[in-house]
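Because the structure is a prediction, the values reported are computed rather than measured.
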Amino acid sequence: MPRKTGTRLMKYVDSAICKTAGATFNSIQFFNKYRPNPSFTPKWSDKPLLKSWEKSKPTLGFPRTTDSLCPTCIREVREKIINGEEDYRTLMTDSVGEIKAQIIERNGEVWMMKECPKHGKFEDLMAKDVKFLEWVEANFPGRDIRAHNDERLHHHGSSTVKYGRGSVLTVDLTNRCNMMCDPCFMDANQVGYVHELSWEEIQEIMRNALEIKPRRQMSIQFSGGEPTMSPHFLKAVRYARELGYNSVQAATNGIEFAKSKEFAKQAAAAGMRYAYLQFDGIGNDANSHRHIGNLFDVKLRAINNMHEAGIEIVLVTTLVNGVNNDQVGPIVKFAQENPKKIAFIAFQPVSFTGRDEEITPARRHRQRYTLSHMASDVKAQAGITEPTRDWFPISLMGAFADFADLVHGPDKDWGSFSCGCHPNCGVGTAIMIHKETKEMAPVPQFINVPGLIKDLQKVTDAARNRTFSGVMMGLALLKNFKPFQAPSQLTLLDIIKKFDKTWGVTGKNYGKSTPDRTMADIQKRREDPWNFLFIAGMWFQDLFNYDFRRTEMCIIPYATQEGEISFCAYNTGVGWRQIIENMYKNATVAEWYKKHGKHEVFAKGKNVNLDSYEHSLKIDPVDAARVRERGEEPKTAAEEERMRKKALREAAEVRAIYEEMVLKKKQPELVQIGQPVK
């Protein structure tokens, strides 16, 4: 029998099995819905697991009113606090800079409108397609368990994190960096001082995080600046693993990993699982706004070295409209062509903060890029996914975490990894790709995701024993699987294995992903012939679109000397970063250089010298060679400042000519220093 005919026949068999599974699930669920078992209180929480109908939700839809901030008031108050004119604790007790905001639909778009009595009106785009945001919000499953046992670490007034335990604990090891990027939300190398955690502070911060409940399993991400510049980087990675953090990440530009295979091996041996790799596009021109001549070559070498060492790579792209949003398609294609090495893309629509906080309104509106832009660009540039079918709030993963918590039982030390953020914060989709043939399809194309979530919630709400729940989950998965829309080589067994590998329902060993994993475990997990390429968009807030309903549900809190603070409240919002870094700064930059010497900074087109540029990645030569035309409009804060100074000089020259030619006013004669006056 020809292979194509045999494959087609198997699809009919799979379809029959799925229909039978669906009928079986519906028949059992008819009785299973009655008298659900009560939720147990797991070891990792002081509160019971939530049923789906017990989960709270923020107000969604349009129009709606929320709490926001005045961009100008906040900058004024922050400056007073940093200058010692006001106590920082006012941020915990008073509603500093807070104003109401309206989120409305206007001409098929979604906008935030707000007005400060002192500084006037502000408005900003939240979605270019109202239907996309409506779809995302409609699929939000509800908030996680309310955070508790957290008073010592969550005490930041209106910015306090209130729900869940988070997913990624971010720890800035240092604000020093070996690059000079624009945009940069932390303004690295520009603030005039060094803020770098001591080893004792790093240990305390990581231990403190274990106190908060629900004590969910989460990642820890070491960030900066460039975290590899901290003298404690490898030691911190090792200690996080010892404490039980399931996934240790580094948000890195990759330079140190590209320069040294040995460094990559040391990081992997210490326990680093993921590299959150800054990656702005394909080719050196697409990365030129980072001001390193050969940055793309650096990225390729870093990916090569890290993958070889056993580190998994997440491509992280800050998307700025008119700067690099044309790279969405090429980046997705790059991941599709390299499925053995790339399993995650994290697009981050720009947040105008740090160096860009005082952006002009004209550039802000021109460069604003939202999650709806991203979903649209993936379809337009990569030719895959439908925005209102294939994209979901990343908080949808919470439904799977709830099921895993149920079947893992009450005695686990950690709850399952859960992404319980606000639906406006992040979206995601997944592409199933065969690692050898490259055959692929969006997962929502062949799995009815909303239907699966509803069935999964029914199983979880019933709260039966592990075996029964596992069987019902399998039936629900088959019920919502559409074989003829799936890749031809993808079987029912592959789907079931993928789910089990991720959530550990059966206990089968696919290669450990726990902190005690070895290189053998990593290789075993990589043997899977299918790559589940997850594409996410995480849109961090700035002062122009700030929403406290998002802040209180943050899943990426920053761990600091002053407790754990929402990502957006730390980097934007009231500006906790600037305040805390000033409170705990080590030295001025001049003092630091005098004591420690200057570190190397790659900027102004300087190349990173590598011993080798070899890699095994497949690159589209057309994408890599593309050189884009730049318009005359300023693209960065630095360019805006240069244009402002140029305009002032030109205005001064015109004024001088006018005074001399029209007013007959003699201009002062320029005298060279040291030259005697005649």
Side-chain angles (χ1 to χ4, degrees), residues 254 274-283 285-287 296-297 299-304 306-308 311-319 324-348 371 373-387 389-392 394 427-447 449 485-491 494-495 498 501-502 525-538 615-626:
Y274 288 104
Y276 221 59
L277 180 67
Q278 175 199 69
F279 194 89
D280 286 327
I282 307 303
D285 179 72
N287 291 269
F296 185 59
D297 303 306
K299 304 299 181 182
L300 298 179
R301 184 62 178 169
I303 292 171
N304 189 86
M306 288 189 289
H307 184 266
E308 190 177 295
I311 297 170
E312 306 302 326
I313 292 94
V314 180
L315 303 180
V316 183
T317 308
T318 299
L319 292 172
N324 70 329
N325 60 297
D326 63 313
Q327 290 298 305
V328 168
I331 290 171
V332 172
K333 184 164 61 175
F334 172 73
Q336 291 171 331
E337 290 296 329
N338 297 279
K340 293 182 179 180
K341 294 183 173 65
I342 308 297
F344 203 117
I345 302 172
F347 288 126
Q348 295 180 350
L371 295 173
H373 285 80
M374 181 201 68
S376 176
D377 279 345
V378 170
K379 179 181 179 180
Q381 297 178 29
I384 55 174
T385 72
E386 290 293 334
R389 182 199 68 183
D390 298 338
W391 293 89
F392 296 89
I394 60 174
V427 298
T429 191
I431 314 295
M432 193 71 84
I433 307 174
H434 195 279
K435 293 179 181 177
E436 298 298 336
T437 67
K438 312 290 177 66
E439 186 185 17
M440 61 186 172
V443 171
Q445 175 180 301
F446 59 85
I447 291 181
V449 174
Q485 277 71 55
S488 62
Q489 295 171 277
L490 187 70
T491 67
D494 291 325
I495 288 292
K498 269 293 181 188
K501 180 182 176 183
T502 302
R525 294 183 72 83
R526 287 179 175 177
E527 289 171 2
D528 187 338
W530 290 97
N531 177 25
F532 193 76
L533 174 63
F534 193 72
I535 306 175
M538 198 71 187
H615 62 82
S616 56
L617 294 148
K618 187 174 180 179
I619 310 296
D620 186 304
V622 176
D623 288 338
R626 184 180 295 120

* **Heavy-atom side-chain contact between P444 and W391 under 4.5 Å** => no

* Residue pair P529 / H434, side-chain heavy-atom distance below 4.5 Å -> yes

* Within a strict 4.5 Å, meaning less than it, do heavy atoms of the R626 and Q327 side chains meet? -> yes

* Structure fact -> Output for pair (D326 CG, I331 CD1), nearest 0.5 Å, gives 9.0 Å

* Asked: Do K438 and P339 have side chains that get closer than 4.5 Å, going by heavy atoms?
  -> yes

* Do any N or O atoms from the side chain of K501 and from the backbone of R525 form a donor-acceptor pair under 3.5 angstrom? -> yes

* To do: Please name the residue in the list K341, H307, K340 that meets the side chain to side chain donor-acceptor pair (under 3.5 Å) test with S616.
  => K341

* Output the distance between atom CG (N287) and atom CG (N324), rounded to the nearest 0.5 Å. => 8.5 Å

* To do: Kindly indicate, with the supporting measurements, whether the criterion side chain to side chain contact (heavy atoms under 4.5 Å, CB included) is fulfilled by D620 and E337.
  => CA-CA 9 Å; D620 186 304; E337 290 296 329; over 6 Å; no

* **Test of ring centre spacing under 6.0 Å for Y274 and F344** => no

* Structure fact -> For T385 and V378 the tightest heavy-atom approach is OG1-CG1, 3.6 Å

* Under 4.5 Å between any side-chain heavy atoms of I447 and I495, yes or no? -> yes

* Spacing of CG belonging to N325 relative to CG belonging to D377, to within rounding of 0.5 Å -> 5.5 Å

* Structure fact -> Taking every heavy atom of F532 against every heavy atom of V443, the minimum-distance pair comes out as CE1-CG2, 3.6 Å

* Asked: Do other residues, nucleotides or ligands put more than 12 heavy atoms under 6.0 Å from K618 NZ?
  -> no

* To do: Please round to the nearest 0.5 Å and tell me the distance separating atom CZ of R301 and atom CG of N304.
  => 5.5 Å

* Asked: When rounded to the nearest 0.5 angstrom, what distance separates CD1 in I345 from CD1 in I313?
  -> 12.5 Å

* Can you list the steps and then say if Q348 with T318 is a side chain to side chain contact (heavy atoms under 4.5 Å, CB included)? -> CA-CA 5 Å; Q348 295 180 350; T318 299; 4.1 Å; yes

* Structure fact -> Minimal heavy-atom distance between G428 and I394, with the atoms involved, is N-CG2, 3.7 Å

* Looking only at atom types and distance, does a side-chain atom of E439 sit under 3.5 Å from a main-chain N or O of S488, one as donor and one as acceptor? -> yes

* Asked: Going by atom types alone, do Q381 and K333 pair a side-chain donor with an acceptor below 3.5 Å?
  -> no

* To do: Determine, stepwise, if the pair L617 / I303 fulfils side chain to side chain contact (heavy atoms under 4.5 Å, CB included).
  => CA-CA 9 Å; L617 294 148; I303 292 171; 3.9 Å; yes

* Considering only NZ, NE, NH1 and NH2 on the basic side and carboxylate oxygens on the acidic side, decide whether D528 and K498 come within less than 4.0 Å. => yes

* **Sidechain N-carboxylate O distance under 4.0 Å for E527, K435** => no

* Would you please say whether a donor-acceptor pair under 3.5 Å links the side chains of Q489 and T437? => yes

* Structure fact -> Correct closest heavy-atom pair for P442 and I431 would be CA-CD1, 3.8 Å

* Heavy-atom closest pair, residues V314 and A346 -> CG1-CB, 4.0 Å

* **Side chains of V427 and M374 in contact at under 4.5 Å (non-hydrogen atoms)** => yes

* **Separation between OG1 of T429 and CD1 of I535, rounded to the nearest 0.5 Å** => 6.5 Å

* If we only count heavy atoms from C-beta on, is the R389 to Q445 side-chain gap below 4.5 Å? -> yes

* Structure fact -> Residues A375 and P387: closest non-hydrogen pair is O-CG, 4.1 Å

* Asked: Is any side-chain heavy atom of I384 closer than 4.5 Å to a side-chain heavy atom of V332?
  -> yes

* With under 30° as parallel and over 60° as perpendicular, where do the rings of F279 and F334 fit, or are they tilted in between? -> parallel

